[in-house]
Structure formats: C-alpha cells, structure tokens
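Report on one structure; see the data block that follows.
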Amino acid sequence: MNYIQIKNLSKRYFDVNALENINIKISKGSLFGLLGPNGAGKTTLLKILATLISPDDGKVEINEIDLVKKPRQIRELIGYVAQEISLDKILTGRELLDFQADLYHIPKTKKLQRIQDLIIKLDMEDWIDRKCGTYSGGMKRRIDLAAGLLHLPKVLILDEPTVGLDIESRNIIWDLLKNLKDDGMTIILSSHYLNEIDYLADTVVIINDGKVIDQGNPNYLKSKLGGERISLKVREFSSPEESEKVKEILNKIDGIRQIVINSAQGYSLNFIAEKEKDFLTKLKVELAFSKFEIFSLTQSQPSLDDVYLQATGKTLQDAEIFMAGKRDLKKESKQSMR
Amino acid sequence: MELKQFNFLFLYQETFALTKRLFIQLKRRPSTLVAGILQPIIWLFLFGALFSNAPKDFLPGVDSYGNFLGAGLIVFTAFSGALNSGLPLMFDREFGFLNRLLVAPLTSRLSIVLSSFLYITILSFIQSIAIMFISYLLGYGFPEFFGLGIVFATLILLVLFVTSISLCLAFILPGHIELIALIFVVNLPLLFASTALAPISFMPAWLGWIASFNPLTFAIEPIRVSYTSSINLDFIALHAPYGDLTCRNCISLLFILTISSLIVINPLLNKKLN
Ligand SMILES: Nc1ncnc2c1ncn2[C@@H]1O[C@H](COP(=O)(O)OP(=O)(O)OP(=O)(O)O)[C@@H](O)[C@H]1O
Ligand SMILES: [Mg+2]
C-alpha cells in the first residue's frame with residue numbers, strides 16, 4: 001500500500017532546478033532512504049513534505065490527504081527533524097520538549113509520560129535539565145529527534161540525522177529508528193552516508209541534481225548491477241589520458257561492460273565482468289600488447305556507491321566536491337528564511 | 001482553503017506555551033526588563049532636573065516638570081518595548097526556530113502574534129507601574145482608580161498598534177540588522193515629535209502640527225490627565241492646532257489606528273504564516 005505518493009514534483013529556485021519531475025511512492029511502515037550528494041535536492045524534497053515550502057508543480061499525498069490543500073492535517077501526521085538543528089539556547093531540554101508538546105496539543109496527562117519515555121529511550125537523563133545552549137552536537141541531535149517524536153507521528157522525516165555524530169549517539173539513533181519502524185512508523189531519512197542507508201533502509205531513492213536516478217530495495221539495486229565488480233589500476237596514479245586508453249582496450253574485451261573511470265581513486269577503471277566468461281587471460285594479453293601492466297586488480301561486492309557510480313559516472317564523493325563549488329550558501333540561507 | 005476546526009482549548013495551549021517561552025527567556029536574561037525600568041527612571045531624574053527651573057506657564061495644568069514628564073516616559077517605555085517585539089521573532093526566523101512552529105499543527109498561527117502581544121503588554125504594565133511608583137515617591141502623585149483604567153486601556157491600544165507593526169516588519173525585512181536599524185531611526189524622533197517632553201504650546205507651529213498627529217501624543221495626553229483628580233473621558237486632553245481633543249477623542253483615535261493597522265497587516269501575516 002502506498003502511504004505517501006509524490007507525483008511529478010518540481011521545485012525551482014530562480015536558476016536552479018532543485019527538483020525536477022520527482023515520482024516516488026513510499027509504503028506504510030517502511031524506512032525510506034534518500035541518498036544523494038550535497039545539493040542533490042534532498043532537503044528541498046523533505047521541506048516540501050514537511051509543508052515548509054510549497055512545490056511549483058506536482059502533487060503530494062500522505063494517507064490520501066493532499067499536502068498543498070490540507071497542510072494542517074499533514075502537520076498532525078508528520079514529525080520533522082531538520083538538517084540544521086535549532087534549539088532555544090535559554091530553555092532546558094525538558095522545557096523544550098514541554099514547549100513542543102504544547103504546540104502539538106498533547107494533553108497534560110500524557111505529556112509528562114511521553115517526555116519521560118523519550119528521555120529514557122534516547123538516554124538523556126543526565127543532561128536533560130541543562131540548558132540547550134550547553135549541549136554537544138550529539139545531545140542536540142538527540143533532543144531534536146525527541147522533539148520530532150513527541151506526538152507519535154505516523155511519518156517521521158529526518159534530514160541527515162547522524163551527520164557528524166560520535167558512534168555512541170549514532171548507534172542510539174539507529175537503534176531507535178529500527179525500533180520505531182518495527183512499531184509501524186513510516187520513516188523518511190536523507191543521508192549521504194551509503195552505509196547508513198544500506199543498514200537502515202528498505203527502499204532507497206538515489207537523487208542527483210534534482211532528478212531521481214534509481215529507486216528500489218538496496219539489495220535489489222546492487223544485484224541489478226550483476227556480474228563481478230572489478231577495479232583495475234595500471235599504475236598507482238594514472239593520468240586521465242592513460243585511463244582513456246585503457247578504457248578503449250577494455251571496450252574490446254568480451255564479457256566486460258559498464259566501464260567507468262573513477263577519478264576519485266587515481267583514475268582507476270571500474271567495470272563489471274560477467275561471471276561465466278573468463279576475461280582475465282584476455283585482459284592480460286591485450287594490456288601487455290599495449291605495454292600496460294596490471295598494478296592492481298580488486299574484486300568486490302557491489303555497493304550502493306557502485307549503483308551511484310554506474311548511474312552518474314561519478315562517485316558520491318566526487319559529486320559532493322563538484323556541487324560544493326556551485327553553491328552560494330549565503331544567498332541560500334537568506335532565501336530559506338521565512 | 002483548509003477548514004480549520006477551531007478549538008479554543010488548543011489555541012489557549014499553544015498561545016500559553018509560546019508566551020511562557022518568552023517569559024522564561026526574560027527570567028533567565030532579565031537585562032531587558034531591568035534596562036526597561038532603569039532607563040525611564042534615569043530620564044525622569046535627568047530631564048526632571050534639566051527643566052526644573054522652567055517657567056511655570058510653560059506647563060499647562062501641572063505644577064512641576066517631573067509631574068509632566070511621567071506620562072511621556074510611561075508611553076515611551078511601552079512604545080520602545082512594543083517596537084522591539086519583532087526582534088525575538090526575527091531571531092527565531094534567522095535561527096530556524098520558527099520552522100519548529102511552522103511544521104506544528106497550530107490551531108491558528110496567529111497564536112504566534114498573540115503571544116508576542118501578551119508578553120509585551122504584561123511587560124509594559126510592569127514597567128509602567130514601576131515608573132508610576134517612582135514618580136509617586138518623588139511626590140508627583142498617583143492616578144485614581146478611574147485614571148488607572150485610562151492608563152492601562154491606552155497602553156493596551158498603543159502596544160497592540162506598535163507590536164503588530166513590529167511583528168510585520170520582522171517578517172518583511174531581510175534580517176535583524178535591518179530591523180534594529182529601523183527601530184533606531186524611528187524611536188527617538190517619534191519621541192521628540194510628540195508631547196512627551198514638552199507641550200504643544202512650547203513647540204514651533206510646524207512641530208506642533210506633527211506632534212498633534214503623532215500616535216504617541218494620543219497615548220500620552222490621556223495618561224497625563226489621568227493624574228488629575230475627578231478625571232472623566234470628556235476632559236480636554238490636548239490643545240491641538242486643529243482644535244481641542246478630549247480624552248475620549250484621543251483614545252478613539254488610537255483605537256481607530258490600532259484597528260486599521262491590524263486590518264492592513266492581517267493579510268500579510270496570513271500570507272507569511274500560512
Ligand atoms: N533557498 C534557496 N535558494 C536558492 N537555491 C537553493 C535554496 N535552497 C536550495 N537551493 C539549491 O537547490 C539545490 C538543492 O538543495 P538542497 O538543499 O535541497 O540539497 P541537499 O540535497 O539537501 O544538499 P545537502 O546534502 O548539502 O544538504 C542546490 O543546488 C541548492 O543550491
Ligand atoms: Mg540538505
């Protein structure tokens with residue numbers, strides 16, 4: 001059953017297409033991962049889901065409620081934990097939760113119990129009565145997550161909830177998310193950590209430059225790549241030109257496909273070798289013929305990064321570096337103010 | 001448009017929470033309150049001393065300048081507080097805390113406005129009472145019961161008027177720097193172009209005209225006459241160049257200003273808040 005339906009969703013900021021014709025379906029009780037490099041449009045999508053910004057085009061329904069037409073009903077369903085944590089420095093954690101509970105009209109009788117439950121679940125007893133201004137990054141993340149969970153939302157939206165966290169805080173959050181999912185909550189989580197998505201998500205959408213590249217179960221996406229993942233180097237650090245030459249050679253060999261030059265790893269060549277064909281002997285011969293040697297040849301299980309690499313020709317890391325240069329952060333923070 | 005199920009209990013709960021947050025902030029950082037009480041008292045002493053030898057006929061109806069000044073300071077303090085009321089909202093906007101309020105299913109987002117209004121009103125009442133009390137200790141008298149009613153009614157109207165404008169600016173202006181600059185530019189000139197420090201009869205004609213259209217004047221004069229014993233609403237409060245205004249006239253004018261500003265501002269707040 002599709003609990004959340006996103007149809008032909010688009011959003012522009014002046015000259016930037018932050019989201020282009022996005023179509024996503026999310027089923028109830030699933031943990032849905034949104035994977036993409038910096039500037040891919042993750043936050044934009046999540047802010048639309050949280051009714052903070054309105055789409056230019058397209059339609060979103062949660063539980064058959066139209067998000068643009070009935071934002072207040074949607075707000076009752078969702079809990080939103082923003083990428084940038086903003087707590088009130090002057091309030092203690094407990095006061096903040098109390099404040100949040102009142103905004104969600106939680107009755108007095110239930111309020112204290114819920115707050116107490118979350119304090120225990122997120123292991124916050126020791127510092128909950130200190131002012132938020134004194135919290136560490138991990139504490140801030142945890143209290144912010146607790147605030148998003150107070151009203152027991154049907155849908156929890158998390159924008160990069162574990163960025164920059166210590167292992168302990170991260171594990172607490174991961175465990176909690178798994179438990180919440182088991183209790184039937186639908187969770188949407190953005191991340192640019194592949195392992196996080198791999199570990200948590202049942203379904204993943206990979207977005208890049210505002211467009212959906214691929215979506216499905218992480219294992220399915222990986223197996224779809226098929227074959228064996230091979231990474232070949234003819235030198236520790238090749239030049240782009242050299243890699244191009246090697247790529248031409250590989251192109252001629254039967255049983256090798258989807259060759260990508262990985263600039264992040266010394267212009268190594270990544271490709272898929274079909275399992276049933278013996279490409280190795282042929283590869284050696286062909287390389288020797290063109291005076292190349294094999295510096296290293298590694299084989300690996302397909303990862304989500306391979307899925308990403310296959311789709312875009314870049315590793316996730318590359319894409320981030322590229323996008324970082326394109327953004328005008330000052331302008332954005334001005335414009336995202338409401 | 002979404003049909004809102006209006007639930008007054010919810011409205012109360014969210015408004016109470018928002019107001020409570022402002023008061024917790026005040027309690028832990030009381031410098032605004034302290035400064036807001038100290039400043040007018042310093043003014044009262046300094047200006048009171050500065051003009052203590054002013055000729056008697058300079059001041060209509062009162063016997064000392066300190067006596068005259070009290071009303072002006074009460075209004076000016078309330079006015080400054082209300083003018084600054086947009087600042088916390090601006091900071092919430094800048095720090096993203098406002099998003100926390102905007103993703104919550106508030107019964108009405110006007111509760112954000114309502115809480116600021118409640119907060120500033122209570123704050124300005126506390127400050128006014130402090131000023132009135134000090135003036136009393138200085139021998140400048142104290143309003144009678146009905147007079148006090150006039151003082152607080154006038155203050156509520158003024159605070160509502162100015163707070164709504166300030167909150168509106170907090171949504172329109174790009175950041176707190178601009179808001180502070182604007183407050184800075186508006187604050188003192190409005191004070192000097194009112195009857196807070198000197199009566200109209202003392203001003204050059206052009207300034208008298210300006211002062212007699214200044215909303216601060218409409219608030220100052222009823223409060224000033226509220227110190228007179230046996231005050232009633234038909235008491236002449238202001239000798240404006242265009243004619244005499246009674247207490248009732250001044251308060252009505254203030255009322256009209258407040259209502260019109262709310263009517264003008266409401267669509268904008270709705271747009272920004274929905
Ligand atoms: N307020 C804004 N004004 C103009 N452009 C914006 C604004 N917000 C985002 N953008 C642009 O839209 C695109 C998507 O941004 P978004 O914040 O959604 O990316 P993201 O995937 O969340 O990135 P990150 O991983 O860095 O958080 C980027 O190109 C960004 O520059
Ligand atoms: Mg983001």
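Protein chains get the first letters and strands the later ones, always in sequence-line order, with residue 1 at the start of each.
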Query raised in the report: Where is the tightest heavy-atom contact between A:Tyr104 and B:Val103, given as atom of each residue plus distance?
Result: OH-O, 3.6 Å
Query raised in the report: Where does A:Ala82 contact chain B at under 4.5 Å (heavy atoms): side chain, backbone, both or neither?
Result: neither
Report task. Might you confirm whether atom NZ of A:Lys111 has over 12 heavy atoms from other residues, nucleotides or ligands at distances under 6.0 Å? Result -> yes
Report task. Please tell me if the side chains of A:Asp144 and B:Arg100 come closer than 4.5 Å, counting only heavy atoms from C-beta onward. Result -> yes
Report task. Give, for atom CD1 of A:Ile53 and atom CG of B:Leu102, the distance between the pair rounded to the nearest 0.5 Å. Result -> 12.5 Å
Query raised in the report: Atom OG1 of B:Thr107 and atom NE2 of A:His105: how far apart are they, to the nearest 0.5 Å?
Result: 3.5 Å
**Report entry** Interface residues of residues 116-130 of chain A facing chain B - non-hydrogen atoms under 4.5 Å apart
**Finding:** none
Query - B:Phe142 atom CZ, neighbour heavy-atom count above 12 within 6.0 Å - result: yes
Report task. Report yes if some heavy atom in the side chain of B:Leu18 is under 4.5 Å from a heavy atom in the side chain of A:Phe99; otherwise report no. Result -> yes
Query raised in the report: Which value, rounded to the nearest 0.5 Å, describes the distance between B:Ile24 atom CD1 and A:Thr92 atom OG1?
Result: 7.5 Å
Report task. For the residue pair B:Leu106 and A:Arg75, establish whether any side-chain heavy-atom pair is separated by less than 4.5 Å. Result -> no
Requested in this report: Please check if atom CZ in B:Phe16 has more than 12 non-hydrogen atoms from other residues, nucleotides or ligands closer than 6.0 Å.
Outcome: no
Report task. Please determine if B:Lys20 and A:Asp98 form a salt bridge, counting it only when a charged side-chain N lies under 4.0 Å from a carboxylate O. Result -> yes
Query raised in the report: Would the number of heavy atoms belonging to other residues, nucleotides or ligands and lying under 6.0 Å from OH of B:Tyr136 be above 12?
Result: no
Query raised in the report: Going from CD1 on A:Ile90 to CZ on B:Arg21, what distance comes out if it is rounded to the nearest 0.5 angstrom?
Result: 10.0 Å
**Report entry** Minimal non-hydrogen separation, A:Leu103 against B:Pro105, with atom names
**Finding:** O-CD, 4.2 Å
Query raised in the report: If we only count heavy atoms from C-beta on, is the A:Asp88 to B:Gln25 side-chain gap below 4.5 Å?
Result: yes
Requested in this report: Report, as yes or no, whether the 6.0 Å neighbourhood of atom CZ on B:Phe45 holds more than 12 heavy atoms from other residues, nucleotides or ligands.
Outcome: no
Report summary line: One should read off an interatomic distance between B:Gln13 CD and A:Lys108 NZ, to the nearest 0.5 angstrom, of 7.0 Å
Requested in this report: Identify which part of A:Ile106 has an atom lying under 4.5 Å from any heavy atom of chain B, answering side chain, backbone, both or neither.
Outcome: backbone
Report task. Could you tell me which portion of A:Leu77 (side chain, backbone, both or neither) has an atom closer than 4.5 angstrom to a non-hydrogen atom of chain B? Result -> neither
Requested in this report: Find the one option among B:Phe95, B:Phe91, B:Phe97 whose heavy-atom pairs under 4.5 Å with chain A are most numerous.
Outcome: B:Phe97
Report task. Go through the atoms of A:Lys89 and report whether side chain, backbone, both or neither lie under 4.5 Å from a heavy atom of chain B. Result -> neither
Requested in this report: Specify which of A:Ala101, A:Ala147, A:Ser86 makes the most heavy-atom pairs with chain B at under 4.5 Å.
Outcome: A:Ser86
